[in-house]
Amino acid sequence: MKNAYFPQEIEKKWQKIWEENGTFKTPNESDKPKYYALSMLPYPSGKLHMGHVRNYTITDVIARFKKMNGFNVLHPMGWDSFGLPAENAAMKHGAEPEKWTLENIAYMTKQLKMLGLSYDWDREVTTCLPDYYKWTQWLFLQLYKKGLAYKKDASVNWCNECGTVLANEQVIDGKCWRCDSVVEKKYLSQWFFKITEYAEELLKDLDKLPGWGDNVKTMQANWIGKSEGAIFRFKVVEKDLEVPVYTTRPDTVHGITYLVVAPEYKDIEALTTPENKEAVEAYRANARKMTEIERLSNDRVKTGVPLGTHCINPFTGEKFPLWTADYALAEYGTGAVMAVPTHDERDFDFAKKYNLPMKVVIQNPENPSDCKEKAYTEEGILVNSNEFNGMKNTEAKKAITQKAVDEGFGEFKTQYRLRDWLISRQRYWGAPIPVVYCEKCGIQPVPEDQLPVLLPKDVDFSVVGKSPITTSKTFAETTCPCCGGKARRETDTMDTFVCSSWYYMRYADPKNDKMPFDKDLINHWLPVDQYVGGIEHAILHLLYSRFFTKALRDLGLLDFDEPFKNLLTQGMVLKDGAKMSKSKGNTVDPDEIFENYGADTARLFILSDSPPARDFDWSDAGVEGCYKFLNRVWRLISSNAENIKVAYALPTTLTKENDDLVRVVHMAIKGITNDISNDFQFNTVISKYRELVNAIYDWQGKKSDLNDEDKAVLSFAIVTLIKLMSPVAVHLCEEAWTELGGEGSIHAQDWPVWDENLAKASSITLIVQINGKVKDKIEADEALNQDELKELALSSPKVKELTEGKTIVKTIVVPKKLVNIVVK
RNA sequence: GCCCUGGUGGCGGAAUCGGUAGACGCGUCGGACUUAAAAUCCGGUUGGAGUUAAAUCCAGUGCCAGUUCAAGUCUGGCCCAGGGCACCA
């Protein structure tokens, strides 16, 4: 074994051998239990960044750990390779999106291999290739047949910069998730997935996911936004019309003093009197012009105009006016709101501004409020509410709704904030939506045997204001699968999130050309046992994937309810306290780290300083420290190489010193195994590697010559060390294993096991406290019983001195640990 | 405003059940080796008091109370930071 550590040399060597030997191939058939470890698949942007390195290292260590623990581990990798950057690159550099994408994939694959990741590359999935997107299209057709994919005219989010529509989930603070430019509203005919059909199950099944963080689950729950309330229908005085409203406060219904409809409300024109028409039209025109941002920026300052018509409150017979105001949202509930200014802050603000009447109907008997200064929104007792007076408002909700139900002007209603998923994109580089439009037959799905609908090659990427796909002379023109007549192909492509909603299923059966996946195989491998990725997908990708799983289950394609059993959301990689970004100039290039220190150092460092879920601050000194540590490990092994043999067996009886080292090794096995099992605390795992290495050096420092027993003990310690380190320092440990006479790959060895009796020190340190403060520490035999421990503590000279002249009130003995003497 | 997460040395962070606070590392200071440097090795490093040096003592896990023989850990109230949602009726 060489004296010096040359990571670049050994890393290259082993990567080649592993590839040739197929060390990391995963067979479908195995007598071992399965384990599916998965990282979120990357977008092939060009180069790996440190966030990737962190993500894939975490998952890789998990996969290797599980493999050594007797699992048949599926650990695949693929590419989320449709999307706008490829198209932008095409426009900028004139490169084909496909060529650009495949080149990036080739480069990043090389980088992933340099990191020493244990992927089964035979299962690689590339979403932009026809053998994959054929099945994305096939799945679309199944959803279409089931009524879960549909086309409708709707007001949609439009990003001018990207030249396409966006899903609600892709609009962040009124801006595009990708390019950050302001999103506008457009009225277009678009394709949707009916995710709302699963709103209740998506919410409810969050409870089935104890392996997910509460942060992600509450984000999803908030996004789904369930609320329970009632619909009331109010008759319009001047017209033969009704205005239905949704409310979560049916208990306040006697306090209605006006009603608000959204500017986009469907019946608004009919509800407007001729005298008010001009003002209402002006208000609506202005609302249409405003972007989401503008609506948000002047929040709290509410505006509106009266329509001139009135409704009757069936509970009181009172007549109240109708208004339009943009604080009522067309897309939520019925688009109309009953206003109770006394018990709703928004209605209160509006009523104050326009001097509308107020009527108190809920009171706190202890501390009544007249609601002149602010709305009272807490619980209370009903007043001014006819037969409901005196009822607790929580009970009145039900009673009042029931009355509406009985008398036929209302019902109980559960409402969700979640909207259907808009999947059309007016872009080229995506999976074409497989439908055609026929003048005679209408919307026709492309027959399954005609899939895939291939992307055309004869397109002009320089066009502005429309999708490049529309420039193809060959693509749109087609024949109707129904009547054979002339028809036009859909030119919209699917949101890339559709592709990434099922990729983890394809890994189970990546080469299937009859189906997206075999049912038995997917039921065998799925759900994913451990999913690792960034928190930024808490809603988007994770919600869509959960929806897909449930929809495909209902299509009979699979038999599970949730795709990801355990989810680890890793923190960001920072540098100098800020997120790494090119614009800030604080990025670190993985290639440079591989070149200067090797992949093992990079892997060790990225896991070392912070627990996976927390943000990680990159520091050059930290990398240096990890490199030094690996050198230290290397020296420890190489300087002892002739004394260490994998095959050496431990003698049954040992000297005290050797016994102590053996105990340290057992403690390390136990500690490291528990740390990995307990939320993958790799930072403490690595500190335990260091402790073990330090202990071996200390032990060695006390020895001048090694006898046979010493050699056996040292071999045990070092062979265990490299097994424990092998999931992290994958190349170094493989090299050491081979040099020390190990057979096969270290990555195929069994994980070390500890002996509970040896995984502790041979004696205990008894903590002696007086009044809860540590006063003495005594080495003691662990066999001592409680009384003996008490005697031992009381016999301490220190204790005698401090208890002199005082009364011992009480003595608490914690077995094997501590004695607390309470004195007065 | 609502929801989630967190608050421990100069820094990253550690501390199964309530039982030695600060593991391990980074930084830093001192020492050894060296002509010198790098590398390596050894030692100190929460604050304060104390001493020639030590021993030793006191305080200390965001703040204020409480429970307990014992609280970083449990309970109640508050403050701060980060993230998410936000005119959702």
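Numbers restart at 1 for each chain; the letters A, B, ... are given by sequence-line order, proteins then strands. Both backbone and side-chain heavy atoms feed into the values below; hydrogens, waters and symmetry mates do not.
Rounded to an integer number of Å, the gap from D617(A) CG to G82(B) P is 16 Å. In this entry the distance linking CH2 of W323(A) with C1' of C87(B) reads 17 Å, nearest Å. As a whole-Å value, the separation of Y597(A) OH from A39(B) P is 11 Å. Here A86(B) presents its P atom at 11 Å from CE of M219(A), a figure rounded to the nearest Å. C87(B) atom C1' lies 12 Å from atom OH of Y332(A), rounded to whole Å. With rounding to whole Å, M338(A) atom CE is found 12 Å from A89(B) atom P. Protein atom CD1 of I770(A) is 16 Å distant from nucleotide atom C1' of G19(B), rounded to whole Å. In this entry the distance linking CG of L721(A) with C1' of C24(B) reads 15 Å, nearest Å.
Between A32(B) and A36(B), the distance separating the two P atoms is 11 Å to the nearest Å. Comparing the same atom, C1', in G66(B) and in G12(B) gives a spacing of 34 Å after rounding to whole Å. Using atom P as the reference point in both C2(B) and C74(B), the two lie 24 Å apart (nearest Å). Taking atom P in both G7(B) and C17(B), one finds a spacing of 16 Å when rounded to whole Å. Taking atom C1' on both nucleotides, G9(B) is separated from G44(B) by 15 Å, rounded to a whole Å. Taking atom C1' in both C80(B) and C69(B), the straight-line distance is 34 Å, to the nearest Å. As rounded to the nearest Å, A55(B) and U46(B) have P atoms that lie 13 Å from one another. With both ends at atom P, the span from C11(B) to G27(B) equals 15 Å, rounded to whole Å.
Applying a 4.0 Å cut-off to non-hydrogen atoms, the residues of residues 680-691 of chain A that approach RNA chain B are Q681(A), N683(A), T684(A), S687(A), R690(A), E691(A), listed by residue number.
Taking the six-membered ring for Trp, Y627(A) and Y597(A) have ring centres closer than 6.0 Å. Ring pair F234(A)/F315(A): centre-to-centre distance not below 6.0 Å.
What you find for A330(A) and E264(A) is that their closest heavy atoms are CB-OE1, 3.5 Å.
Base orientation of G27(B): anti, since the glycosidic angle falls outside 90° of 0. For C17(B), the O4'-C1' to base torsion is within 90° of 0; the nucleotide is therefore syn.
A donor-acceptor pair under 3.5 Å links the side-chain atoms of T324(A) to the main chain of V261(A), judged by distance alone. Of the possible donor and acceptor atoms, one in the side chain of Q220(A) sits under 3.5 Å from a partner among the backbone N and O of A538(A). Looking only at distances, a side-chain donor or acceptor of D420(A) sits under 3.5 Å from a matching main-chain atom of I195(A). At distances below 3.5 Å, at least one donor-acceptor pair connects side-chain atoms of N820(A) with backbone N or O atoms of G772(A).
Between K226(A) and E200(A), at least one side-chain N (NZ, or NE/NH1/NH2) sits under 4.0 Å from a carboxylate O, which counts as a salt bridge. With respect to the salt-bridge test (charged N to carboxylate O, under 4.0 angstrom), the residues K398(A) and E228(A) do not qualify.
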Paired and unpaired positions of RNA chain B as dot-bracket, Watson-Crick or G-U wobble under 3.5 Å, | denoting a partner strand: (((((((..(((......[....)))((((((.......))))))((((......))))..(((((..]....))))))))))))....
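Along RNA chain B, the nucleotide closest to D609(A) and the one closest to N215(A) are compared, and the more 5′ of them pairs with N215(A). Ranked by how close their nearest RNA chain B nucleotide is to the 5' end, G335(A) and L818(A) are led by L818(A).
Taking side-chain N and O atoms only, Y327(A) has no distance below 4.0 Å to OP1 or OP2 of A89(B). In this structure, K810(A) reaches the C69(B) phosphate: one of its side-chain N or O atoms is under 4.0 Å from OP1 or OP2. Under 4.0 angstrom from either OP1 or OP2 of C57(B) there lies at least one side-chain N or O belonging to K798(A). For S610(A) and G13(B), the shortest distance from a side-chain N or O to OP1 or OP2 is below 4.0 Å.
The residue N694(A) sits close only to the backbone: its heavy atoms come under 4.0 Å of sugar-phosphate atoms, none of a base. When heavy atoms are screened at a 4.0 angstrom cut-off, K628(A) is found touching the sugar-phosphate backbone but no base atom. Across all strands, V822(A) comes closer than 4.0 Å only to sugar-phosphate atoms, never to a base (heavy-atom distances).
Taking only distance into account, the side chain of E345(A) never meets the base of G1(B) through a donor-acceptor pair shorter than 3.5 Å. With hydrogens and angles left out, the side chain of K302(A) and the base of C87(B) share a donor-acceptor pair within 3.5 Å. Judged by distance alone with a 3.5 Å cut-off, a donor-acceptor contact links the side chain of N820(A) to the base of C69(B).
Listed nucleotides: C87(B), A89(B), U20(B). Nearest to the side chain of D344(A): A89(B). If you check C57(B), A89(B), C4(B) against the side chain of T247(A), the one that comes closest is A89(B). Here C3(B) is the nucleotide among A89(B), C24(B), C3(B) with the atom lying nearest to any side-chain atom of N222(A). Nearest nucleotide to the V774(A) side chain, out of U20(B), C4(B), C57(B): U20(B). Side-chain proximity of T218(A) to U16(B), C17(B), C4(B): nearest is C4(B). Across C4(B), C26(B), A86(B), the shortest atom-to-atom separation from the side chain of D214(A) is found for C4(B). Taking the side chain of K670(A) as heavy atoms from C-beta on, and the options C17(B), A89(B), U16(B), the nearest nucleotide is U16(B).
Donor-acceptor pairing under 3.5 Å is lacking for the side chains of T334(A) and Y265(A). Side-chain contact annotation: D675(A) with T684(A), donor-acceptor N/O pair under 3.5 Å present. A side-chain donor-acceptor contact under 3.5 Å links N640(A) and Q700(A). A side-chain donor-acceptor contact under 3.5 Å links E779(A) and T765(A). Under the 3.5 Å distance criterion, with hydrogens and angles disregarded, no donor-acceptor pair is assigned to the side chains of N757(A) and R663(A).
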Pull out every protein N or O sitting under 3.5 Å from an N or O of nucleotides 41-43 of chain B, one pair per line with the distance.
from: C41(B); atom 1: OP1; to: R632(A); atom 2: NH1; distance (Å): 2.6

Residues F605(A), F616(A); criterion ring-ring contact (aromatic ring centres under 6.0 Å, His included); working and verdict: CA-CA 10 Å; F605(A) 176 56; F616(A) 177 90; 5.1 Å; yes
